[in-house]
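Read through the structure below, which is laid out as structure tokens, and then see the notes.
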Amino acid sequence: MARVLVVEDDQFVRSALIRHLTDASHTVRSVGTALEALREVAHVGFDVVILDLGLPDLDGSEALKMLRGITDVPVIIATARDDEAEIVRLLNDGADDYLTKPFSVEHLSARMAAVLRRSRASGAGAEPPSRVMRVGGLSIDPLRRQAELDGAALDLTRREFDLLAFLAERPGVVVARKELLAEVWQQSYGDDQTIDVHLSWLRRKLGETAAKPRYLHTLRGVGVKLEPPR
Ligand code: CA
């Protein structure tokens, strides 16, 4: 049971979504423009936002950035374009997941459940380790959700932080992609691309590349590990 904001300008899609979500006992509000969505999230607490990318007033990525400027609420992007580059960019801009239209009710439910599980796990209910973890020049404070590299604060997204913290809890240990999906994304299925995207951005923020790794080491076909540079 979640509070859902549906941002969709297509009246037909919107009604279908509202009907389905209401049937599934969610509380639904819906708007047809990005600006209305911003107004809603500023005044009402939601558990998840389903954001259509083709809105009449703002470009989808603009809308997402503005949303992210005011709230951490999980956002599932709904797009008619199966444009990999754009989806990757939106995930990096703070989208939590995406759906390609047309999507089934089952698919939406599965994605929503996963996103809600993740956000609840990282919220009040979960007990993060309280100690500050150090790996080489990296320090990661799970309680304050802050990370530093050589004394300089890292500007990480929520997912990048979770990924880094998970790896920092087991330095030098190769973690399989499947385990990352299960533990960081709390998903039992999914594509490697999601992990690769977040890894590559995390890498960039750590000032390294896959070709010249310092902290983050990918072992092809096996997994990834975090360890201090030699
Ligand atoms: Ca639309």
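Both ligands and their constituent atoms are indexed starting at 1 by order of listing.
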What N/O/S atom of Asp9 gets nearest to the Ca ion (ligand 1)? OD1

Atom name, Asp52 (N, O or S, nearest to the Ca ion (ligand 1)): OD2

Indicate yes or no for a side-chain donor-acceptor contact from Asp57 to the backbone of Leu35 under 3.5 Å, with no hydrogens or angles considered.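 Yes.
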
Could you check whether atom CZ of Arg14 has more than 12 heavy atoms from other residues, nucleotides or ligands sitting under 6.0 Å from it? yes

Lys NZ or Arg CZ of Arg170 over Phe166 ring: under 6.0 Å, within 45°: yes

For the Ca ion (ligand 1), decide whether Leu55 has an N, O or S atom at a distance under 3.0 Å. no

Of all the atoms in Asp10, is at least one N, O or S atom closer to the Ca ion (ligand 1) than 3.0 Å?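 No, Asp10 does not qualify, because none of its backbone or side-chain N, O or S atoms lies under 3.0 Å.
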
Between Thr157 and His198, is a side-chain hydrogen bond (donor to acceptor under 3.5 Å, both in side chains) present by the stated rule, with each step listed? CA-CA 9 Å; Thr157 64; His198 286 92; 5.4 Å; no

